[in-house]
> 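Below is a structure I'd like to ask you about.
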Protein chains: 2
Amino acid sequence: MAYRRTDSVAARLADTRRHILNAARELVAEGGFAAAQMTEVARKAGVATGTLYRYFPSKEELCRQVFREVSAREMNVLAGIAQGPGTASARLESVLRTFATRAVRGRRLAFALLAEPVDVGLAEERARFRRTHGEIFSGILEEGIASGEFPARDVKVTAACIAGAIPTALIGPLAPESHELDEKGEKVVDEIMTFCLAGVGLLQPRIKVKSPEPRIGEPRIRA
Amino acid sequence: MAYRRTDSVAARLADTRRHILNAARELVAEGGFAAAQMTEVARKAGVATGTLYRYFPSKEELCRQVFREVSAREMNVLAGIAQGPGTASARLESVLRTFATRAVRGRRLAFALLAEPVDVGLAEERARFRRTHGEIFSGILEEGIASGEFPARDVKVTAACIAGAIPTALIGPLAPESHELDEKGEKVVDEIMTFCLAGVGLLQPRIKVKSPEPRIGEPRIRA
DNA sequence: CGACAATCTGAATCATAGTTCATTCTTGTA
DNA sequence: TACAAGAATGAACTATGATTCAGATTGTCG
């Protein structure tokens, strides 16, 4: 027997892989995907450029992986809320607020995920990201329609509208150089929510909807 | 006296410039900005590569110019409607429908303007484009709020929401390979409008709004 | 330890596409 | 027609940044 990868080596490899991904993620968080150049990633991760290619077949794959990890984190948060307890309208509200608020908080990263000019590979990843957003919204919408909380609509289109409205409304303010959100962030989020909730037909509902479980720390939007 | 640019030469120069811009625009309309490579543009325009640089300082400028021309055409159509006669709600409706419908018709070009991955220069141009959209929407919204047709809102955010919702809802279907809109186009447009109009607070208005001048060929959206 | 395999290194290479510029062709005036 | 200046040409150049790979290092096992 000639060679066998020991656990300690496997661990070190995994560790290096993480280091690389973390380095890349940090660069993206600081300067967007444009800042994630292979040389920089390598330097920040403390390895040689060539080493990156022992872990990822190409820059595109590395960046995609970063994109997926970061976006998965967001999606999980939202999916958790979507699948949680509460009326559809309460969950929709919570999901929207969370989405927008987290984007405002993680400004640069959100910009990178949602709006930064990227090449086709990442654009594809971004499309998937938005589609998943759409699915989360659709799910809630379907339930809300079934329960009579929302009027019947094409949920896919409606979900896509929401998925587009939020980032776009935030983008100007979200752009790395803008500091608009530092102060007005909450107000902007409220306005966006008003629009989206009204868009699905909620704010002026035919039947007054009672929301049985308002979440702590999730204040109602202004009427 | 040695040399003077005659009218006929000036005309030829202007003509060449137009040829170049048209060639570029056609390439963009066929394959997006990605297809607008200098060599290709030159070939299509029937000039040498170097000649392009006698008319435009860089590829970026050439592409920006193309972007501006194409988007200006769209903006003018919308601005015309916005400044035309009719209640704010009627104009808003008309503008939204026109925006969406034209995007569906001019599929590839719309995709290039709204969603194709482009580099930073064009992304800037695109941001301006969206901002102008926003301004058109804001204008109508302000008037509608003043006249009591819409509830009071932050018009900038609301306008941005609309400007984001429409393209995003169209993008999946708008993507060059998708043929979804060939049949379902109208329905999708209707759904998007429903969302946006409801979003501004219109579809279930406090006071029933009568639209005095419904435009020919601009059917009302389904109730 | 010695031999072999896996891993790492980073300067050199490559790929792409935009840009340049020495040269040629056209146009305007004397 | 001669000649100067503008315009056009397109092959060569360049800039950027990803990718490679021959050699060095580290790890495994008899």
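From a predicted model like this one, the values you see are computed outputs, not experimental measurements. Order of the sequence lines fixes the chain letters, A, B, ..., with proteins taken first and strands second; residue numbering starts at 1 for each chain.
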> Find the distance B:Asp15:CG to D:dA8:P and express it as a whole number of Å.
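For the pair B:Asp15 CG and D:dA8 P, the rounded distance is 11 Å.
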> Can you check the A:Leu52 CG to D:dT19 P distance for me, whole Å?
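These atoms are roughly 10 Å apart.
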> Salt-bridge test for A:Glu60 and A:Arg64: reply yes if a basic N is under 4.0 Å from a carboxylate O, no otherwise.
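Salt bridge flag = yes for A:Arg64 with A:Glu60.
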> Please determine whether a side-chain nitrogen or oxygen atom of B:Arg12 lies at a distance below 4.0 Å from atom OP1 or OP2 of D:dA8.
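Answer is yes, contact under 4.0 Å.
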> Examine distances only and state if a side-chain atom of B:Arg153 and a backbone atom of B:Gly199 form a donor-acceptor pair shorter than 3.5 Å.
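Such a contact is found between B:Arg153 side chain and B:Gly199 backbone.
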> Within the 4.0 Å heavy-atom criterion, would you say A:Tyr55 contacts the bases, only the backbone, or no part of the nucleic acid?
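Sugar-phosphate: the residue A:Tyr55, judged by heavy atoms under 4.0 Å, touches backbone atoms but no base.
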> Any donor and acceptor pair, going by atom type alone, linking the side chain of B:Arg128 with main-chain N or O of B:Arg68 inside 3.5 Å?
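Checking the backbone N and O of B:Arg68 against the side chain of B:Arg128, no donor-acceptor pair under 3.5 Å is found.
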> Could you state the atom-to-atom distance from NZ of B:Lys59 to P of C:dT20 in whole Å?
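Distance, rounded to whole Å: 15 Å.
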> Let me know the distance between CG of B:Asp119 and C1' of D:dG17, rounded to the nearest Å.
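In whole Å, D:dG17 C1' and B:Asp119 CG are 15 Å from each other.
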> Pick base, sugar-phosphate or nothing for B:Thr39, based on heavy-atom distances below 4.0 Å to the nucleic acid.
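Counting heavy atoms under 4.0 Å across all strands, no contact is made by B:Thr39.
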> Report yes or no: does A:Arg108 contribute a side-chain atom to a donor-acceptor pair with the main-chain N or O of A:Val28 at less than 3.5 Å?
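Flag not set: sc A:Arg108 to bb A:Val28 has no pair under 3.5 Å.
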> Identify whether any heavy atom of B:Leu13 sits under 4.0 Å from a base atom; if not, whether one sits that close to sugar-phosphate; answer base, sugar-phosphate or nothing.
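Here B:Leu13 touches the backbone only, sparing every base.
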> Does A:Arg43 reach a base, just sugar-phosphate, or nothing at all? Heavy atoms under 4.0 Å.
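No contact.
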> Expressed as a whole number of angstroms, how long is the span from B:Ile20:CD1 to D:dT9:C1'?
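Interatomic distance, CD1 of B:Ile20 to C1' of D:dT9: 13 Å.
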> Distance check: side-chain N/O of B:Thr51 vs OP1/OP2 of D:dT9, anything under 4.0 Å?
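Yes, B:Thr51 has a side-chain N/O under 4.0 Å of OP1/OP2 on D:dT9.
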